[in-house]
A.B. asks: 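Below is the structure I would like to discuss, written out as C-alpha cells.
Chain letters run A, B, ... following the sequence lines, proteins first, then strands; residues in each count from 1.
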Number of protein chains: 2
Amino acid sequence: MADDRFSVPYDPRVYPAVAVTVDVVTLTIRDGTLCVLLVQRGTPPHEGAWALPGGFVREDEDLPAAAIRELTEETGRALGRLHLEQLATYGVPGRDPRMRIISVAHLAFAPDLPDPIAGTDAMDAAWVPVASLGLPNTTSAAPVPAGTAVPVSAGGPAPLLQRSGASHRLAFDHTRIIADGLGRARSKLEYTPLATRFAGPEFTISELRAIYETVWDDRLHPGNFHRKVLSVPGFVESTGYTTDRGGHRGGPRARLYRAGNARLLHPALLRPNREESGP
Amino acid sequence: MADDRFSVPYDPRVYPAVAVTVDVVTLTIRDGTLCVLLVQRGTPPHEGAWALPGGFVREDEDLPAAAIRELTEETGRALGRLHLEQLATYGVPGRDPRMRIISVAHLAFAPDLPDPIAGTDAMDAAWVPVASLGLPNTTSAAPVPAGTAVPVSAGGPAPLLQRSGASHRLAFDHTRIIADGLGRARSKLEYTPLATRFAGPEFTISELRAIYETVWDDRLHPGNFHRKVLSVPGFVESTGYTTDRGGHRGGPRARLYRAGNARLLHPALLRPNREESGP
DNA sequence: AAAATAGTGTCTCTCAGACAATATGTC
DNA sequence: GACATATTGTCTGAGAGACACTATTTT
C-alpha cells in the first residue's frame, strides 16, 4: 500500500526554476459596454503598460485565494460578491521576459462597480471596454462592429482607455487571455445563470436581456427572451415587486426578479446566428 | 487601503519555491469499458500507488509538450494520434507532501490501444476501468451501476485492476482530477465530434453509438441516434464502403464513415435524462 | 397625443424521442 | 429458421423564432 514517507529527502532546486502567478479577467458591464478590469503596471517588465491584475502565488496560499487577494490589492478595494472560476493556465516559455512563469488565469463576473483605485504595484486601474482591445474574433467579435447598432447609451462617455491614455497593446499574453475569458463568458451565459452575476441583487427581465445582448454583442427578441427566461426552472424568481418607474423613454413598470437557485439552465439559452456549415 | 509590504524589487529567489507538473488523464474504450491510463509509482511519495502519468515540466518546455513527453516516457510507447487539451490546474497547498506543487492537468482521448508498458519512474502501467475507481458522481456515474446493463461484452475480461493488484486509492488528488476529466469528456461529446477520437479512422454508426453509450453510461435509441448523427453537418462523412461482415450475432453490413471536418456539432447531441429541477 | 416598453398570444419550423417497418446478415 | 442489427419512416410534443397585440407609462 502507499507509504507516505515524508522523510524522503527532496531537493526542489534540482527542478527548473519556475514561478507561478495568478491573473484575473474580471468582466463587468458599465453603461451597456462590456469592460474588463486592467491595471497599469508600475514595475518592469512592461512598466506603464496595461495588464490584468495578478501576481505571484504565495506559499500555502490556494489559487482562488491568490486571485482574490491580487484583485483587492491591485485595485485598492474589495470587489464585493463576484463569481470566480479558473479559466486556463498559460505557460509558454518566454511569455515573461524575467523567467519561466506559469500563470493560472481566472475569470470573474462582477456587477457594475465604482471606479477601481490603483493599489500595490499599479500606477492606475480602470474598467476598459473589451471592444477597444482589438481582440481576435472569438465568436463574431470584430474589434468594434460599429454599424451594428450597439445597445444602450449611444454617444455616451468616451472609452476609459482615452481617459487613462492607455495603449491598446497589453502586457505579456494578456490580450489572448482576455479573449479566452470572453469566449468562456459568452459560452457560460448559454447554459448557466451566471448572467445574473452582472446584475444587482434585483433586476428586470429587460436588464437581464441587456446583459446578454452586451456580452453576446447581438440583439435578442424582447418578447421571446422574456418568455424563455421565465420558462427555465430556477433561472430567476419573482420578488413580487416592480420598478418605481417605467423606462427612460416610456413603458410600464417592470417586475423585479432575483437569481434563482438553478446552477444550470435547462433548456439552455442558445446564441442566435451561429455560422452555418463549413468548407 | 493597500499595504505596500510587497512592492519588492524583483528577485526570483524571494518568491516561494514551487514546482510545476503536468498530469494527463488519458481516456480510451476497451471492450466496451471506459478506461483511464494509470501508472504505478516507482518512487516516493505514494510509492506503489497508482497515479496519473505526469511529471515535472522542464525548462523551455511548453505545457502540452510536457504532457506528451510524460505520456510516452511513462508508458513506454508513443500513443499515436490522440486529442489533447488542457483540463484544469490543481494547486491546493499540501496536495503533494514534498513541496508546493502546481499541477496542470490535461485530458486526452485515445482510440483503443495495446497494453502500455511501464517506463521511467513507473513500476507498471495499465488501462484501468474508471468504474472501478469509485469516482464521486459527476453526472449519474455511480461507482458501478451494475444493474443498468452495461453495453458490450458482458462477462468479459476481469478488470485490469485485479490483474495489477492495484488499490482503489489513487495517489495525490488524482481521483478528483479523473472525475473532472470524465465530466469534461462527457460534456464534450455533446457539442464536439471528439467521440470519433475514441474510434479508429473508419467506424460504423453503431460503433460511434457504443462510444457515446459507454462514456455517458446510458442507452441511446439506435434509430434516432443514427438519423441524428447523419443530420449534423460535418460530423461524419461516408467512405462509400461497408463492413466485411454483419455483427457477431447477425444483421446486415454497416456503412463505414470517417470523422468529418466540423469542430462543433450543430445542433448538439444532448445527453438524455438530465435530472429535472432542484429543491 | 406620440412613442417606448412590458408582457402575452399565436403560428410555424426544427428537432428529439417513441415506435414501427423492412432489409440483410449471423448462428 | 430464429434472431440480431442497419437503416428508414412516421408521429407526437417541446421549444425556438417571427409577428402581432394589448396595457402601461414617460415625454
A.B. asks: Between B/Ala268 and B/Gly251, which is nearer to the 5' end of DNA chain C once each is assigned its nearest nucleotide?
C.D. replies: B/Ala268
A.B. asks: Could you give the CZ-to-C1' distance, from B/Arg253 to D/dT7, as a whole number of Å?
C.D. replies: 16 Å
A.B. asks: Taking CG from A/Leu220 and P from D/dA18, how many angstroms apart are they, rounded to a whole number?
C.D. replies: 10 Å
A.B. asks: Describe the nucleic acid contact of B/Gly246 in one word from base, sugar-phosphate, nothing, applying a heavy-atom distance below 4.0 Å.
C.D. replies: sugar-phosphate
A.B. asks: Do B/Leu220 and B/Leu269 make a side-chain contact, defined as non-hydrogen atoms from C-beta onward lying under 4.5 Å apart?
C.D. replies: no
A.B. asks: Could you give the OH-to-P distance, from A/Tyr191 to D/dG15, as a whole number of Å?
C.D. replies: 21 Å
A.B. asks: Would you say A/Arg263 has more than 12 foreign heavy atoms packed within less than 6.0 Å of its CZ?
C.D. replies: no
A.B. asks: Shortest non-hydrogen contact from B/Ala105 to B/Ile177?
C.D. replies: CB-CG2, 3.7 Å
A.B. asks: Starting the side chain at C-beta, find the nucleotide from C/dA4, D/dA18, D/dT8 nearest to A/Asn224.
C.D. replies: D/dA18
A.B. asks: On DNA chain C, nearest-nucleotide positions of B/Pro252 versus A/Pro252: which is more 5'?
C.D. replies: A/Pro252
A.B. asks: Of the candidate nucleotides D/dG15, D/dA4, C/dT8, which contains the atom at the shortest distance from the side chain of A/Pro267?
C.D. replies: D/dG15
A.B. asks: Using a cut-off of less than 4.0 Å, is there contact between a side-chain N or O of B/Arg245 and OP1 or OP2 of C/dG25?
C.D. replies: no
A.B. asks: How close or far is atom P of D/dG15 from atom CD of A/Glu190, stated in whole angstroms?
C.D. replies: 17 Å
A.B. asks: To the nearest Å, give me how far apart CD1 (B/Ile205) and P (C/dT24) are.
C.D. replies: 19 Å
A.B. asks: Can you find a side chain N or O atom of B/Arg209 that sits less than 4.0 Å from OP1 or OP2 on D/dA6?
C.D. replies: yes
A.B. asks: With nearest nucleotide decided by heavy atoms, which residue, B/Thr204 or B/His221, maps closer to the 5′ end of DNA chain D?
C.D. replies: B/Thr204
A.B. asks: Under 3.5 Å, is there a donor-acceptor pair between the B/Tyr90 and B/Asp23 side chains?
C.D. replies: no
A.B. asks: Would you indicate, yes or no, if D/dA6 has its OP1 or OP2 atom less than 4.0 angstrom from a side-chain nitrogen or oxygen of B/His226?
C.D. replies: no
A.B. asks: Any carboxylate oxygen within less than 4.0 angstrom of a Lys/Arg side-chain nitrogen, looking at A/Asp218 and A/Arg186?
C.D. replies: no
A.B. asks: From OH of A/Tyr212 over to P of D/dG17, roughly how many Å is that when rounded to an integer?
C.D. replies: 13 Å
A.B. asks: Hey, is the side chain of B/Arg255 poking within less than 4.0 Å of OP1 or OP2 on D/dT8, counting only N and O atoms?
C.D. replies: yes
A.B. asks: Nearest whole angstrom, please: distance from the P of D/dG15 to the CG of A/Leu269.
C.D. replies: 12 Å
A.B. asks: Please pick, from C/dA4, C/dG7, C/dG17, the nucleotide with the shortest atom-to-atom distance to any side-chain atom of A/Arg249.
C.D. replies: C/dA4
A.B. asks: Between B/Ser206 and D/dT5, does any side-chain N or O lie under 4.0 Å from OP1 or OP2?
C.D. replies: no
A.B. asks: Rounded to whole Å, how long is the line connecting atom CZ of A/Phe225 with atom C1' of C/dG7?
C.D. replies: 14 Å
A.B. asks: Heavy atoms only: give me the nearest A/Thr26-A/Trp127 pair and the separation to one decimal.
C.D. replies: O-CZ3, 3.6 Å
A.B. asks: Is A/Arg227 near enough to D/dA18 that one of its side-chain N or O atoms lies under 4.0 angstrom from OP1 or OP2?
C.D. replies: no
